[in-house]
Structure formats: C-alpha cells, structure tokens
Asks: 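Just dropping this structure here.
When a residue number appears, it is its place in the shown sequence, counting from 1. Both counts, for ligands and for their atoms, begin at 1 and track the order of listing. These numbers come from the heavy atoms of this one structure, side chains and all, not from hydrogens, waters or symmetry mates.
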Amino acid sequence: MSLWGGIEAGGTKFVCAVGTGPDDLRAEVRFSTTTPQETLDRAIRFFQEQQGEEPLAAVGIASFGPLDPNPDSPTFGYITTTPKPGWAHTDVAGPIRRALGVPVGFDTDVNAAALAEYRWGAARGLDTFIYLTVGTGIGGGGMVNGQLVHGLIHPEMGHIRIPHDWQRDPYAGSCPYHGDCFEGLAAGPALEGRWGRRGETLPADHPAWQLEAEYLALGLVNFICTLSPQRIVIGGGVMQRPHLLPLVHRRVRELLNGYLQVPSILEHIDDYIVPPALGDRAGVLGAIALGQQVS
Ligand code: ZN
C-alpha cells in the first residue's frame with residue numbers, strides 16, 4: 001500500500017499531509033508562509049520525518065500562483081509572477097523533489113481542489129466541471145473532458161471582466177492588476193473595501209449581499225456559457241455565509257433568462273452550483289491526488 005505526500009502551498013499558510021485520501025490522512029502540519037527557503041525547508045523536514053516511518057511514492061504540490069504547471073517547461077514547478085514579496089520566480093517543486101528523491105506533481109491550488117472533488121467529492125462521475133474559490137481572491141480550475149485544464153498556462157477565472165455599473169457601485173475594485181475585474185469586485189477584500197467592514201460582519205440583509213450575488217452570478221454565467229460545465233463547485237471564505245448561495249442560484253437563472261433549457265439549471269440549480277463536499281480539506285487532498293497522478 002503506497003503513501004503520498006501533499007502540500008497545500010498558500011500565500012498565508014502551508015498545509016502538509018501524508019496519506020491516501022479523505023479517510024486516511026495520517027499526519028498533518030500547518031505553518032505560516034514566510035520566506036521560500038524557510039517555508040520549503042520546513043515542508044521538507046516534515047516529509048523526511050514521515051519517510052522515516054514509511055516511504056512516500058510521490059508528493060503533490062497545490063500552489064498559489066500564477067505558476068508553471070507544464071512538465072516540459074524549464075521553469076516547471078515555479079511560482080512565476082506573484083505579487084507576494086519574495087516569492088516571484090521561485091522554484092517550489094525542484095527543492096522538494098531533490099530533497100525527498102520522489103516524483104513531484106505540481107498544479108494550481110484550484111485545479112488540485114477540483115481533482116480532489118472529482119476523486120472523492122462533489123464532482124464524482126463528471127468529466128467537465130469547474131471549481132471556484134471566493135476568498136481573499138477568486139481562483140478557478142477544473143476539468144474538461146476528464147483532464148485538468150491547463151492550455152497556455154492555467155485558467156485565471158478570477159480575472160475575467162464583468163459588467164460594472166458605476167452608478168450602483170462606485171467602488172473602483174481591489175485587483176492590483178485590473179481594478180474592477182471579477183476578483184477586484186467580488187473577492188473578500190472588495191467587500192471590505194466597498195463597505196468599510198469585513199464581509200463576515202455584514203448582516204445577511206445588508207445590500208452588500210445582493211450586489212455580491214450579482215457579481216458572482218455574472219462570473220458564473222460567463223463560465224457556464226463558455227465551458228458548459230456539468231456542475232460548478234464553489235467554496236472559499238466568502239461563500240461560508242449560508243444565505244449567499246441561494247441568492248446566486250436565483251440570479252444565475254435570471255441572467256440566463258431561459259436560454260439554456262436543461263433541467264440542471266431550470267429545476268435543480270441547487271444541485272448544479274454546489275459547495276465543495278470536502279470543505280477546506282479539498283486543497284491538501286488535491287495535493288495528495290496530484291501526487292497520485294505522477295506515481
Ligand atoms: Zn484582476
């Protein structure tokens with residue numbers, strides 16, 4: 001029975017685990033993301049201790065990005081143009097592979113989470129779906145015809161442009177690159193920037209949520225019309241508010257306006273746009289699933 005390592009490499013914290021799946025996570029550690037050297041050394045030490053107990057078949061890394069997931073590229077395994085200080089153009093996969101002597105799988109945190117939901121969660125049995133997270137940013141990944149989506153680099157679903165009615169919402173947006181892109185209008189920092197308080201402190205009947213649902217629905221409608229996903233799995237800190245998803249369901253149906261005559265949308269939209277089944281474990285489980293793909 002083989003054992004895999006997984007690293008959920010986030011901009012604020014790293015989660016490292018060893019196991020085979022959701023029912024078998026044997027060891028887990030989490031620590032703050034500091035400098036690349038210190039953070040990667042800490043991950044390596046954890047896996048070296050685990051390897052002392054039982055050898056690892058491979059390690060998967062589910063990373064924040066942008067990053068290079070192309071195994072044929074000279075910068076495969078690098079985080080590339082991130083604004084996070086100290087982390088731009090950092091080789092993440094290389095040090096792990098050299099120190100542990102095992103194959104390393106490497107992809108975006110959201111593609112990895114999509115893979116975990118496909119294996120064990122809300123996307124089982126589907127071959128074309130997307131996974132979105134709405135938190136400090138908006139990230140999206142997923143599968144088309146059973147393959148994680150890469151293409152040119154990897155999807156950046158958070159940075160699509162959506163209509164912005166400046167009369168209704170004079171907030172300029174929070175994205176350092178685009179201002180009022182999807183993430184700039186609808187991620188957690190936009191809620192706080194627009195209303196002057198953190199999203200989790202805004203009451204459920206605050207007008208913030210109608211506007212938030214509007215932006216999320218606009219983004220989702222674009223993805224539905226472009227990729228034709230069989231399901232959309234949507235999580236992240238902002239989606240923790242239970243009143244938000246039903247508002248999104250309603251607005252997606254209104255915006256599509258009867259154009260897509262399929263039961264998923266017309267009758268069962270609460271089973272079409274769904275929360276992650278794996279909750280906040282999707283990231284680290286996705287990393288383990290990435291490891292399983294390369295060994
Ligand atoms: Zn942007």
Asks: Short question: side chain of Thr35, backbone of Glu38 - any donor-acceptor pair under 3.5 Å?
Replies: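 Yes, because the side chain of Thr35 sits within donor-acceptor range (under 3.5 Å) of the backbone of Glu38.
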
Asks: Output yes when a side-chain donor or acceptor of Gln240 lies under 3.5 Å from a complementary backbone atom of Glu200, and no otherwise.
Replies: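 No; zero donor-acceptor contacts below 3.5 Å.
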
Asks: According to side chain to side chain contact (heavy atoms under 4.5 Å, CB included), who are the partners of Val102, at least two apart in sequence or on a separate chain?
Replies: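 Val102 satisfies side chain to side chain contact (heavy atoms under 4.5 Å, CB included) with Gln51, Val59, Leu100 once adjacent residues are dropped.
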
Asks: Without swapping roles, check the side chain of Arg231 against the backbone of Asp271 for a donor-acceptor pair under 3.5 Å.
Replies: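 Yes; judged by distance alone, with no hydrogens or angles, the pair exists.
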
Asks: Tell me how many protein N, O or S atoms are within a distance shorter than 2.8 Å of the Zn ion (ligand 1).
Replies: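 Every protein N, O or S atom under 2.8 Å from the Zn ion (ligand 1) counted, the figure is 4.
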
Asks: Using a 3.5 Å cut-off and no angle test, enumerate the donor-acceptor pairs between side-chain atoms of residues 124-132 and protein atoms at least two apart in sequence or in another chain.
Replies:
unit_1	atom_1	unit_2	atom_2	d
Arg124	NE	Gly121	O	3.2
Asp127	OD1	Gln230	NE2	3.4
Thr128	OG1	Asn145	N	3.0

Asks: Could I get the full list of salt bridge (Lys or Arg N to Asp or Glu O under 4.0 Å) partners for Asp68, not counting sequence neighbours?
Replies: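 Asp68: no salt bridge (Lys or Arg N to Asp or Glu O under 4.0 Å) contacts found.
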
